[in-house]
Amino acid sequence: MEIFETLNPPQLEAVKNTEGPLLVLAGAGSGKTRVITIRIAYLIAEKNIPPYNILAVTFTNKAAGEMRERVGALLENQKLQSAPLISTFHSLCVRILRADIEHLDEGFTKTFTIYDTDDTLKVLKACTKDLGLDEKQLTPRSVYAAISAAKNRGEDYEMYAARVESADEKRASIARIFRAYVERLENSNALDFDDLLIKTVRLLRKSEATREKYNNRYKYILVDEYQDTNSLQFALIKFLTEKQQNICVVGDDAQSIYGFRGADVQNILQFESHFPQAQVIMLEQNYRSTQTILDAADAIIKNNISRKEKKLWTKNSGGEKAFYFQAFDAEGEARFVASMIEKEQMSSAATKFAILYRTNSQSRQFEEALRRMRIDYNIVGGFSFYERAEVKDIIAYLKLALNPFDDIALLRVINTPSRGLGKTSLDELQFQARQSDASIWETIARILNDADSAVARLTSRARNALKDFREVIGQLHKKTAESSSLERPVSDVVVAAIELTGYANELRLENSDEANARLENLEELVNAAVEYDKSEGGLRDFIDHAALVSDTDKYDRNASVTMMTIHAAKGLEFPTVFLVGLEDGIFPHSRSVNDPKQLEEERRLAYVAITRAEKRLYLTHSMRRRIYGEEMAAEPSQFLNELPLELIEDLSQGPSWLSYAREGNSQLSRSAPEMRTPSIQTEKPRKLYTGKTYNNAEAIADFFKARGLNASKVNATEIPAENDFQESKTETAEEPERRPSSGWERLKAASSREKTPSHLEHKSENSDSIVPGVHVRHLKYGRGLVLRREGSGDNVKLTVSFPGFGQKKLIEKFANLERIT
DNA sequence: AAGTAAATTTTTTTT
DNA sequence: AAATTTACTT
């Protein structure tokens, strides 16, 4: 195959080294995907491995789809009997479980339902309520996080309870919810995302026959983005490679960005000890970016302590500097990005742009700005098609028809469209179901069959509604049965779920713009089903697909402008990248800054973002930003401070943070830290900052005024708590620190005094230093983050989030809070 | 029971 | 600021 000639020596090694365990450490832009796809093609075309013996695993459907496509293109001219399985971890597990879950003997059957995050949260909420626990403190999200973490550690609820026994009350409650949750899922024959992995691993551990089957089936296994695997995924791989060890994993520890989901970098770092015969190949030549971009990425990542030294290099020498822009507010930032895109589109229409942000909520401003300038864009993430209410409703009907024990699906649709079943009836139904430890579907049957209906206090109207409902689901069920034996196309059943249930009729009757839009979405769902009928999958696969596709899967590589989170951008590349919202608290995210481990993950995220760029990189941040509808001053991200100034070109209007940084650095090079004269006072890291320093009496008075205090009233202990004074007095004399520190706090105070609109000014005058965003210490709860401040004078109420205790509402006057940094 | 008004919460990142 | 949840009418 002439394609091999396009590979460099280590890439070629990685392709041809087909036997035994192989670790490919592939830096950003080093042609990783090419290597994997060509390797698969090589196995088939040159080594004559039957395609069905090959398994490639990815994390996202997007990656799997792309890989399928590229392998397909490489093997275009071959006549193949089968196709290699290229799948996500979760789809692979569904496939295995749909075949063999009954061997697990845990009561689950092949027709199990998959609960997505939404469904899971609903169950958790119901459990918490059921147990009479505090729903305010035990939010479904936090409980889910705890349970999911436990599951990913391999704990069931008993182990969790045992481990947590002597710990705080909250975790004891979580243990109870955990148990109730597991029971409910069992009753509903449902598995959540974690369960898909857990049950598969358990099944492989338990059943030798199953293990044997898949070991014989998949003789060559490839895993993409191996740095993102968690312990369960590792266990899965271990079982699947038990007999033969033709396992090739590809990844980059510097791009490990899913630690929050249990991913363990140790899997890739310890590969050689997990698979003792392993060979290791490093791909270090970057084909994507300019040297400047690589230098910028490297400047940031080298601040991480735990990392494997890697030296990416490129033949694409030089390149232009990274552009930098400081905006006054988020709208200004978006306007800047939009106008830069417009300008570049004028000169070369074909180029592609990505706007990358840390959180989905940042997309809005950019959407508006682009729309105003009539620039077409594509947005990945946020609301996905399958997350729309009407789509989920219809899917729920289908899920229910396939698995009547699925309480969550049932509750979703039992009164949609309205059948006259209100809260009272539904509460009664659920109560009855809990009493008899049965599913709601069974409970309905029992109530309707029981002539002596006094047990259930339901109105005759409600009973009739239930009868209708049962009838509808019954009919739908018949059709699904026909569909699974492939006598009836999937699209037929989908249409039935839309029409038979009266769902479409209700929307037609409403005849509003919104209702029509929904009807169109349902039309789209039918289209998707028609597409599906062309492939061999049945209704079941269609529904599974709907549960397992993520919003990142709708990336359109032909779009000129794509907006998405940095996470979603992993694996992609763009000629021009805008990395926006480079502000402290946004990126790195405020929930990560207190934990060095999480901060390092944020830094890797920055590394991923920057290395997406091929030719041109823009870095932007805003001086203020609205958070929860409240205008907040925002300081530049510490990551900006980690970039060498000579790599950056400032496009800001007027003086910017960067121009101050330049000034501050003009006398002393920050690349020469040894020139620093250490002394007790200056030992503490300090930051660069713009704006006023508090180095005279007037400025000090101003400072306190901004905080609503009189300088004379302030006692001695409060000043050091702020610790602004000594530092700022010596500011210009000292060498600037690489790692930014509290100087920015002063910029915030200064800039809010100078630039804050008057309504905000007023607010800050009446408050002291305990405002949203600061940290405080509480005698009992310890350190906490102030989220909200309400009221005035003696009635100031604060909402404070204390790690481990949740959110507390406190009266400032009595709470005895101390502000800390 | 259903619709409206008011109160409350929300934002990390994802299969 | 927006979306979701709860409280209050009819």
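Chain letters run A, B, ... following the sequence lines, proteins first, then strands; residues in each count from 1.
- Side-chain atoms of A:Arg261 and base atoms of B:dT14 include a donor and an acceptor less than 3.5 Å apart.
- Centre separation under 5.5 Å together with a plane angle under 30° does not hold for the ring of A:Phe89 and the six-membered base ring of B:dT15, so they are not marked as stacked.
- Note on A:Asn61: every side-chain N or O is 4.0 Å or more away from OP1 and OP2 of B:dT15.
- Using a 4.0 Å heavy-atom distance criterion, A:Phe193 is classed as a base contact.
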Considering only nitrogen or oxygen atoms on both sides, find all protein atoms under 3.5 Å from nucleotides 1-3 of chain B and state each distance.
residue : atom : partner  : partner atom : Å
B:dA1   : OP1  : A:Gly422 : N            : 2.9
B:dA1   : OP2  : A:Thr424 : OG1          : 2.8
B:dA2   : OP1  : A:Ser418 : OG           : 2.8

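- By the side chain to side chain contact (heavy atoms under 4.5 Å, CB included) test, A:Asp118 is found to be paired with A:Asp116, A:Lys392, residues two or more places apart in sequence or in another chain being considered.
- Between the C1' atom of B:dT13 and the CG atom of A:Leu605 lies a distance of 7 Å, rounded to the nearest Å.
- Stacking of A:His90 onto the six-membered ring of B:dT15 is not present when judged by under 5.5 angstrom between centres and under 30° between planes.
- Atom P of nucleotide B:dT15 and atom OH of A:Tyr258 are separated by 7 Å, given to the nearest angstrom.
- Atom P of nucleotide B:dT14 and atom CG of A:Leu121 are separated by 15 Å, given to the nearest angstrom.
- For the residue pair A:Phe366 and A:Met563, the shortest heavy atom distance occurs at CB-CE, 3.7 Å.
- A:Arg412 and A:Asp119 are not joined by a salt bridge, as no carboxylate oxygen comes within less than 4.0 angstrom of a charged side-chain nitrogen.
- Residues A:Asn304 and A:Ile301 are in side-chain contact: their nearest non-hydrogen atoms beyond the backbone lie under 4.5 Å apart.
- What separates CD of A:Gln233 from P of B:dT14 is a distance of 16 Å, to the nearest Å.
- One C1' atom belongs to C:dT5, the other to B:dT12, and the distance between them is 23 Å to the nearest Å.
- Side-chain contact annotation: A:Gln227 with A:Glu225, donor-acceptor N/O pair under 3.5 Å present.
- The distance between atom CG of A:Asp194 and atom C1' of B:dT14, rounded to the nearest whole Å, is 11 Å.
- A:Leu605 approaches A:Arg358 most closely through the heavy-atom pair CD2-NE, 3.4 Å.
- Inter-residue side-chain proximity for A:Leu124 and A:Ile147 is flagged as met; some heavy-atom pair is nearer than 4.5 Å.
- In this structure, A:Phe260 has its ring center at least 6.0 angstrom away from the ring center of A:His589.
- Put simply, A:Thr565 has a side-chain N or O that comes within less than 4.0 Å of OP1 or OP2 on B:dT14.
- Taking atom OH of A:Tyr628 as the reference point, atom P of C:dA2 lies 16 Å away to the nearest angstrom.
- Rounded to whole Å, the distance from CG on A:Asn152 to P on B:dT14 is 17 Å.
- Summary of the strand contacts: A:Thr117 and A:Ser592 both lie near DNA chain B, and taking for each the nucleotide with the nearest heavy atom, the more 5' one is attributed to A:Ser592.
- Contact annotation for A:Gln598: base contact, defined as any heavy-atom pair under 4.0 Å involving a base atom.
- Between A:Arg358 and B:dT12 there is no side-chain polar atom (N or O) within less than 4.0 angstrom of OP1 or OP2.
- When heavy atoms are screened at a 4.0 angstrom cut-off, A:Ser361 is found touching base atoms of the nucleic acid.
- Here the C1' atom of nucleotide B:dT14 and the OH atom of A:Tyr115 are 21 Å apart, to the nearest Å.
- Proximity of A:His567 to the phosphate of B:dT13: no side-chain N or O atom is located under 4.0 Å from OP1 or OP2.
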